[in-house]
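One structure is given here, and the rest of the page talks about it.
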Protein chains: 2
Amino acid sequence: MSTADRILDVAEALCQRRGLEAVSFRDLAAEVGVKSASIHYHFPSKSDLALALAIRYRQRFETVRSEIDRKEQSAEGRLKRFFAILADLYKEPNKVCLVAILAAEAGSISPELAIEVRKFFADNEQWLSSTLTLGVKQKTFTLSTEADCTAKTIFAAVEGAILASRACADSSRLRSVADCVLASLKQGKVAIG
Amino acid sequence: MSTADRILDVAEALCQRRGLEAVSFRDLAAEVGVKSASIHYHFPSKSDLALALAIRYRQRFETVRSEIDRKEQSAEGRLKRFFAILADLYKEPNKVCLVAILAAEAGSISPELAIEVRKFFADNEQWLSSTLTLGVKQKTFTLSTEADCTAKTIFAAVEGAILASRACADSSRLRSVADCVLASLKQGKVAIG
DNA sequence: GTCTATAAGATGATAGAC
DNA sequence: GTCTATCATCTTATAGAC
């Protein structure tokens, strides 16, 4: 494993725990086991580091969504799996979605980073929208508003729940959202089995 | 208007725009029109300032909710008004809910501040839960999960939407959430008029 | 690639005059 | 209450040896 990767791993963990602004090159270097000059060798400025962090995070979610689509054909199964993966990722209420952190600090980040954050939201919402539409086609979901609108709402609820989960030290929140959303999408349906 | 109040006003605006960590006593003092030593006179440490900010913000929301309950008797009307006030408060996609910011930086805030953040979530969620229950009683809402669970989901969606609103420079997100939530709560209902 | 050393500036905070 | 002056510390970042 390369030093650059180890730096990104530690930086991601620190950022998710404390926020980007609270991560210093000194702390980061100490935890990686190198000197801060070495961090600068791999990531010249803090903006470079933050951007690399955001890109990697977004791509990881892209992979997760692709895997879900490959393994699961039903829209309901896909949504359930998405929620389950997120719940597992944030089960320890000590860290928060990296992009939620960046979005909160969006007033003081670089333009390139802001684009990356925006893309993260757009990608996830588009996938959710497609999945909802598929669910309607498969006659398992009933939407109360158009798919795009519902998708935005669901993803907002997910991000908000991850944030609240740590703030309230209550790891059940993501499951609450998952339960509520799924029940709402299936409202009016009668169980077959 | 006292200096302390002016400091809080400016600090709140700066914090909502840039994040708490990115607000310095120097910038704050400059914008208020005093020297940083004066800020320290009113708020000895940065923790004191942050705590005062959070308490004031929470109390303001308390007042808003009380006003809504006083003016409006129907649960649906109350919920609509709540969403409308929030949408108006965050219509300029330049600022974010103060508590969302604090929640994102929760890994590096004082214990007292963390309690305040937690209380903000709890208060709003409890009010939402009561309002949902009232709506069921008034036969205007149908819940797909129990009131507490739905309330947590709705508030998570609200906080997430405010965050996404700025990150995506898309002020329609809070309205999306409001539309989707209200439609979902009234699903299966037939309009009377 | 990693280190030592250091620059140049910002930060929270305090002492003491007015 | 507000100021000037100052402190110790931390910050990002760079130059140059190994």
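So you know, we letter chains A, B, ... as the sequences are listed, proteins then strands, and number each from 1. We use all heavy atoms of the structure for the numbers below, so side chains are in, but hydrogens, waters and symmetry mates are not. Remember, predicted model here, so these are calculated numbers, not experimental data.
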Self-check item: Residue pairs fulfilling side-chain hydrogen bond (donor to acceptor under 3.5 Å, both in side chains) with at least one residue in residues 92-103 of chain B, sequence neighbours excluded
Solution: none
Exercise. Round to the nearest Å and state the distance from B:L49 atom CG to C:dT11 atom C1'.
Key: 14 Å
Quiz item: Rounded to the Å, how far apart are B:L14 CG and C:dT11 P?
Solution: 12 Å
Quiz item: Roughly how far, to the nearest 0.5 Å, is CG of B:L89 from CZ of B:R60?
Solution: 7.5 Å
Quiz item: When the nearest nucleotide of DNA chain C is assigned to B:D27 and to A:H42 on a heavy-atom basis, which residue is associated with the more 5' position?
Solution: A:H42
Practice problem: Using whole Å, report how far CZ of A:R18 lies from P of D:dC10. | Solution: 13 Å
Practice problem: For D:dG1, take OP1 and OP2 only and decide whether either is under 4.0 Å from a side-chain N or O of B:T3. | Solution: no
Quiz item: Salt bridge or not for B:E116 and B:K119, using N-O below 4.0 Å?
Solution: no
Self-check item: Whole angstrom value for the distance that separates C1' of D:dT2 from CD1 of B:I7
Solution: 11 Å
Self-check item: Distance, rounded to the nearest Å, where B:K35 contributes NZ and C:dT11 contributes C1'
Solution: 16 Å
Practice problem: Summarise how protein sits on nucleotides 12-18 of chain C as a single string, 5' to 3': B when a protein heavy atom is under 4.0 Å from the base, S for sugar-phosphate-only contact, - for no contact. | Solution: BBB----
Practice problem: Please determine if a side-chain N or O atom of A:Y41 lies less than 4.0 Å away from the OP1 or OP2 oxygen of C:dT2. | Solution: no
Quiz prompt | All salt bridge (Lys or Arg N to Asp or Glu O under 4.0 Å) counterparts of A:E76, not counting sequence neighbours | solution = A:K80, A:K186
Self-check item: Minimal non-hydrogen separation, B:E72 against B:R78, with atom names
Solution: O-NE, 2.7 Å
Quiz prompt | Mutual orientation of the aromatic rings belonging to A:F155 and A:F121 [parallel < 30°, tilted 30-60°, perpendicular > 60°] | solution = perpendicular
